[in-house]
A.B. asks: 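So that we are looking at the same thing, I have put the structure below in structure tokens.
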Amino acid sequence: MQLDNKHKKLDLNSPKVMGILNVTPDSFSDGGRFSHLDKALIHAEEMVNQGAAIIDIGGESTRPGASDVSLDNELERVIPIIEKINRNIDCWISIDTSKAVVMKEAVNAGADIINDIRALTEPGALQVAVDANVPVCLMHMQGAPRSMQNAPDYNDVVQQVEDFLLNRVETCLAAGIKKNNIILDLGFGFGKQLKHNYQLLAATQRFVDLGYPILTGVSRKSMFGQLLNRDVEHRLAGSLAGALIAAQQGSQILRVHDVAETVDVLRVLQEVNLYR
Ligand code: 9MG
């Protein structure tokens with residue numbers, strides 16, 4: 001399995017790390033330390049040197065309760081850093097956005113992947129993704145970031161997430177997105193209670209078997225905070241355990257804050273797999 005764009009190929013036969021570069025002032029995990037352009041470039045460079053194959057750039061905070069960001073603000077935050085990374089670093093660039101205009105401008109500026117937590121449901125997003133002809137990540141979410149953690153509810157979370165994702169796949173294929181440009185994401189922490197997150201993590205293999213690359217984003221999330229009683233700065237062990245559990249079941253892309261540590265974990269897994 002691999003991702004293709006005009007100039008690059010990304011082999012997904014072994015799991016790849018996507019490093020998170022939030023360029024929001026209120027970014028939940030680094031207190032906004034990397035919002036300045038040069039600091040963001042240094043952070044991206046560091047993550048690539050540590051082994052990240054993809055840098056995911058987001059200008060909208062998606063943490064529970066976060067407020068919406070205007071189109072102009074989002075463009076101002078993400079486009080200069082995409083251009084700078086595209087000029088200076090050899091890596092895949094992912095744009096984390098739900099807005100059609102941001103997707104379009106980001107791809108024009110050098111983004112290789114569209115990562116949409118709203119699975120191309122916002123106005124114009126689907127058509128921009130079709131025209132851009134780049135890989136797209138479709139994520140499951142119940143509700144919207146502002147309110148999604150107010151009593152999320154499911155009869156069968158695994159079945160419902162699968163139904164949602166397959167429905168989005170059908171819509172995307174019908175609109176003209178190529179099958180090999182689709183990545184799926186179970187949406188850990190997006191309208192999920194603690195038990196839902198662990199039910200989904202345990203079922204990763206079932207989603208891998210759908211035949212699309214699976215992106216797993218559990219890094220520093222409240223599923224570890226709640227379970228282990230850890231604040232956001234102390235969730236590394238939980239995050240690494242989550243990444244390993246997903247990778248062992250075949251998840252091909254791991255979206256993480258702690259790149260070096262995740263790369264070490266994957267290296268250990270790769271060595272064990274030699275003897276299976
Ligand atoms: C932007 N963002 C925050 N968490 C995420 C996750 O779990 N998956 C994806 N695809 N994007 C995410």
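Just so you know, ligand 1 is whichever comes first in the structure, and atom 1 is the first atom listed for that ligand. None of these values were measured; they are calculated from a predicted model.
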A.B. asks: Write out the residue and atom name of the closest protein heavy atom to atom 3 (C) of ligand 1, then the distance separating them to 0.1 Å.
C.D. replies: R255 NH1, 3.3 Å
A.B. asks: Check whether any side-chain N or O of S219 sits under 3.5 Å from a backbone N or O of S239 as a donor-acceptor pair, and report yes or no.
C.D. replies: no
A.B. asks: For atom 8 (N) of ligand 1, find the nearest protein heavy atom and state the residue, atom name and distance (0.1 Å precision).
C.D. replies: D185 OD2, 2.6 Å
A.B. asks: Is Q252 reaching over with its side chain to a backbone N or O of N13, donor-acceptor style, under 3.5 angstrom?
C.D. replies: no
A.B. asks: Nearest to atom 7 (O) of ligand 1, what protein heavy atom do you find, and at what distance?
C.D. replies: K221 NZ, 2.7 Å
A.B. asks: Quick one: look at V218 and ligand 1, take heavy-atom pairs under 4.0 Å, and tell me if it's side chain, backbone, both or neither.
C.D. replies: neither
A.B. asks: Hey, is ligand 1 close enough to G217 that some N/O pair sits below 3.5 Å?
C.D. replies: yes
A.B. asks: Which residue, L210, I177, L165, forms the side-chain contact (heavy atoms from CB on, under 4.5 Å) with I182?
C.D. replies: I177
A.B. asks: With a 4.0 Å heavy-atom cut-off (strictly under), which part of L215 contacts ligand 1: side chain, backbone, both or neither?
C.D. replies: side chain
A.B. asks: Taking the six-membered ring for Trp and the full ring for Phe, Tyr or His, determine whether the centres of F190 and H140 are under 6.0 Å apart.
C.D. replies: no
A.B. asks: Numbering the atoms of ligand 1 from 1, which are under 4.0 Å from a heavy atom of D96?
C.D. replies: 1 (C)
A.B. asks: For ligand 1, which atoms sit closer than 4.0 Å to a heavy atom of M139?
C.D. replies: 6 (C), 8 (N), 9 (C)
A.B. asks: May I ask you to say whether K99 pairs ionically with E74, meaning some side-chain N is under 4.0 Å from a carboxylate O?
C.D. replies: yes
A.B. asks: Is there any N or O on N115 that sits under 3.5 Å from an N or O of ligand 1?
C.D. replies: yes
A.B. asks: Is any NZ, NE, NH1 or NH2 atom of the basic residue among R220 and D258 found under 4.0 Å from an Asp or Glu carboxylate oxygen of the other?
C.D. replies: yes
A.B. asks: Quick check on contacts: which atoms of ligand 1 are under 4.0 angstrom from a heavy atom of I117?
C.D. replies: 1 (C), 2 (N), 11 (N), 12 (C)
A.B. asks: I'd like to know if the side chain of Y198 reaches the main chain of M223, judged simply by a donor and an acceptor atom lying under 3.5 Å from each other, with no hydrogens or angles considered.
C.D. replies: yes
